[in-house]
Amino acid sequence: MSNFESKIDAEDSVATLQRPDKALMWTRGLEKSYRKGSLAVPVLNGVDLEIEAGSFTAIIGQSGSGKSTLLHLLATLDAPCAGEVHFNNRRIDNLPAKQREKLRNEQFGLIFQFYHLLPELSTLENVLVPKMVQDGFFSYLKNKSNYLKRATELLEMVGMGHRTTHKPAELSGGEMQRTAIARALISDPSILLADEPTGNLDEENGDEVMETLDRLRQKENLTVVMVTHDNALAQRADAVIRLISGKVA
Amino acid sequence: MYKLLLSWRYLRTRFIALASIVSVTLGVATLIVVNSVMSGFVFEMKTRLHGILSDIEVAAPLLGQISHPEVHMRIIRDVLGDDIQSMTGVVRSPAMVTFTVHGRQMTQQVMLLGIDDESFGQVTDFHPYLQNENKKEAFTFNLEESGYPEYVRDSGWEYRRSKAQQQKRIDLMRRQQQAYYDTVAADYIADNPQLYQQTAYTSPVAASDDDRAIDYRPLPAQAPDFDKIHSSNQGLDASEIPATGSYTGRDGKTYRKFKPYDPHAEFRTQPAAEDFFDPEKDQHTGIILGLAISKRKTLDEAGNKRDFYMVRPGDDVQVIFATVGQNAKPVSENCTLVDFYSSNMHEYDSSFAFVPIKELQKVRGMMDPLTGDSTVSSIQIKMKPGADLDKARDALIAKFPPEQYPYDIHTWQDTQRPLLSAVNMELTILNLLLFMIIAVAGFGILATFFMIVVEKTKDIGVLKALGAPSSGVMSIFLGYGMSLGMVGTGAGIALGLLFVRYINQIAEIVQVVTGQEVFDPEIYYFSEIPTIVSPMMVALVGLGAILIAVLASVLPALRAARLHPVEALRYE
Ligand SMILES: Nc1ncnc2c1ncn2[C@@H]1O[C@H](COP(=O)(O)OP(=O)(O)OP(=O)(O)O)[C@@H](O)[C@H]1O
Ligand SMILES: [Mg+2]
């Protein structure tokens, strides 16, 4: 954590807009505020952070401190009001929609607090959705066997190998979240962005999910950014980013 | 790929959406049924309207004539060329037909058509509408022995013979009765001579000498032999005419008896028995009447409707019509009804009567007695199938401009233009209204889809978060709409076609259930509900319905595409 802080100079973000060493993803002066009528409610006021490749970073902060907002900005799901997000030596927050979609699809693995599986699809199909989005109709059919193999493998890895045909409604919260992890990993992303993946789970299930994440992280050498407000979980991380009143503390 | 998969899954799991397309199904089915039945009716109606009308008619004004019809036909053939299939001349005259029903005279107004046995049937659909089996095959204006339809089974010669014999019996009885009355009267006079005493006639005028000289004696009992006189007659000089006898005049002198020259002698010869008109063996000129002229509705003992025929084949009718020319005079002809025709077009069946053209030309003065040249009232033309009637008509009008020729040249459609255009308009409006039903169904789909999009907000957010483009999300819902439309339309087409296929059975069932007669063959003259399914119409209706379903899903799909992923994900 200390090596991050030494490099951050929030007051003079423009001056430090060179690539920090080893950082896979970094931001400078991220600002986000929501309009409430004529009143602007600031959520993030200049967030600078760096995420090293292969690291496990935890973002913690109080409820409403803007953790999810920050994660959305990192995932290019939303655009910041000011500041920049860089990924792989490229500024990504102002990319055209098409490229951002490609990025999300191929480079980012997203995990949400409420799993967000598609209820009409089976576990296996849910895992395959990013691939279906990525490929056209025919290339998907062509590669389908590869994808199937990979998806089953991933489901095996998250301990869901025996429930590939179940619909999300037939799964427990922990099982759904592990399926969501498998889905996040199907495109072999360079970075996994998780928003309170255990927030909705009891302790036992939460531990299980965390263990799965840990295991996969080591096995696949993943970079993980995880939002949580559980300090105990944050202890496992290589680096902890604490958000207080819209800034990295 | 996910678009297809999700469209398909939504289709399978959202039954409420299926309910919303039931309206599409019903709309499509209704459109197909109504269109098929209407086309069927219109086709039947057109066939009937066309029926005994020729494709094109070149008509002289009422009571007018077209002289040298064969020359006209040659010119027409020059103008229209190979498009002509056949032509015929027709004499047309308004007329009155009088017949006797149970001793009462009935007169009806008809349009009398003099037609050529051969060619008229080639120009119009005349023969199939005739009721006698034999006449459909080989047409003549002769009364037939048999072949009359069930409803006038006891028609034809058999009927005519029995009717004539009956009449003879009645006449005989009348005579016997009269003879009896005569003897009774004679006896009465004999018994009461004082009542019938003959008084000598005395003229109130003073008799002159000459008058007194007149001999009032009856003619000699023995009539002179005029035939003998005539057969030996050689000249006009009375002295050379051989005397055939002599008699004593009032003055007591002897006079020669002779027969003067009689130029009409041959007409005075006693006709042979077979030359007398005998209704048992002979018929007048044949006439064919529209069935509706004779048919009336009546009730049988049980109170059910039944048809009654005022005249039937074998009866004689009197036809009165006008001669042509400057001083038109009414003439009357006796005709024998030889058959009915029934085109099931009441307008025609109640107004047309057909007689042989030669007879009509003779009686109306349309035939030159010296040369045998005859005139007609109109020339009827049948064109080859597919020929453009309007173009042909215009060509003929150009050849016979109304400024120079008094002819009215028209196609059969011109004759029925108001009716045909009314029917066409009806069909258009009906289609429009029914398409509104599908449009209403479209709004149903719109509402349902909005609900589904709202329900799926989170999923849309997920898909976008996973990198699906807005267009992809949109096409999920467009595809969903299209597949719903296709399912609904397909079901509608199947339902509609089935309905059309079994429409008569369905009509029967409805009749049994409601007790109301859905389809009265008496009114429509069809034994069954006529239907024509045009593949083009089915395809158009199907495409239209699918298009409406897609259009209805455009707005919800656009909304889905515009959803912001973060907002969508936050939605719980
Ligand atoms: N669309 C919005 N309009 C207005 N305010 C918003 C909107 N989205 C988020 N906010 C506000 O932004 C702040 C940060 O929200 P965010 O969801 O990032 O918090 P969080 O740190 O993730 O909290 P939690 O731990 O409860 O998930 C909150 O105060 C929230 O009310
Ligand atoms: Mg949050």
Side-chain angles (χ1 to χ4, degrees), chain A residues 32 34 68-69 71-73 75-79 96-122 125-126 128-144 147 167-168 180 183-184 186-187 189 193 195 200, chain B residues 1-18 448-449 451-484 556-558 560-572:
Chain A
K32 181 78 187 173
Y34 290 103
S68 299
T69 307
L71 199 77
H72 291 152
L73 291 182
T76 70
L77 284 174
D78 212 349
K98 222 181 192 125
Q99 290 182 37
R100 276 188 284 132
E101 280 153 10
K102 195 167 149 64
L103 204 62
R104 287 204 294 274
N105 185 249
E106 293 171 9
Q107 304 285 332
F108 298 165
L110 295 175
I111 301 170
F112 308 96
Q113 181 177 354
F114 297 103
Y115 337 119
H116 290 329
L117 299 176
L118 300 179
E120 281 82 15
L121 305 184
S122 71
E125 286 163 342
N126 261 297
L128 286 168
V129 164
K131 281 294 169 198
M132 297 189 202
V133 171
Q134 182 185 2
D135 283 9
F137 184 74
F138 292 107
S139 59
Y140 177 80
L141 286 185
K142 208 172 77 193
N143 299 325
K144 195 174 176 190
Y147 295 154
K167 293 277 163 69
R183 177 178 69 185
I186 186 80
S187 320
L193 302 167
D195 189 355
N200 214 32
Chain B
M1 183 66 207
Y2 64 104
K3 306 164 203 164
L4 275 178
L5 185 67
L6 284 175
S7 296
W8 173 237
R9 286 294 156 82
Y10 289 172
L11 194 64
R12 266 186 34 195
T13 51
R14 291 282 156 331
F15 287 109
I16 184 66
L18 277 178
T448 318
F449 266 44
M451 306 261 294
I452 290 174
V453 167
V454 169
E455 189 201 330
K456 289 282 150 210
T457 301
K458 212 178 67 187
D459 296 18
I460 294 165
V462 177
L463 283 168
K464 289 195 158 179
L466 294 177
S470 295
S471 60
V473 172
M474 188 165 161
S475 45
I476 291 178
F477 288 92
L478 283 185
Y480 185 26
M482 181 139 113
S483 24
L484 273 183
L558 267 178
R562 278 218 217 90
L563 271 179
H564 196 283
V566 172
E567 307 289 329
L569 285 173
R570 205 185 292 276
Y571 177 88
E572 261 315 308

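Worth knowing before you read on, the calculation uses all heavy atoms, side chains too, and leaves out hydrogens, waters and symmetry mates. All chains are named by letter (A, B, ...) in the order of the sequence lines, taking the proteins before the strands, and each is independently numbered beginning at 1.
At a 4.5 Å heavy-atom cutoff, the contact between Leu110(A) and chain B is made by side-chain atoms alone. When heavy atoms are compared at a cutoff of 4.5 Å, Phe138(A) does not approach chain B at all. Heavy atoms of Lys3(B) lying under 4.5 Å from chain A are absent altogether. Contact annotation for Leu121(A): both backbone and side-chain heavy atoms come within less than 4.5 Å of a heavy atom of chain B.
Ring geometry for Tyr480(B) against Phe449(B) counts as parallel: the plane angle stays under 30°, on a 0 to 90° scale with 60° as the upper cut.
Here Glu125(A) is the residue among Arg100(A), Lys98(A), Glu125(A), Lys102(A) with the most heavy-atom pairs under 4.5 Å with chain B. Options Pro565(B), Pro469(B), Gly461(B) differ in how many heavy-atom pairs under 4.5 Å they form with chain A, and the most are formed by Pro469(B).
Ile452(B) is not listed as a side-chain neighbour of Pro556(B), based on a closest heavy-atom distance of 4.5 Å or more. Contact annotation: the side chain of Ile460(B) approaches that of Val453(B) to within less than 4.5 Å [non-hydrogen atoms, C-beta and beyond]. Counting only heavy atoms from C-beta outward, the side chains of Leu6(B) and Leu463(B) approach each other to under 4.5 Å.
With rounding to the nearest 0.5 angstrom, the CD1 atom of Ile111(A) is 12.5 Å from the NE2 atom of His116(A).
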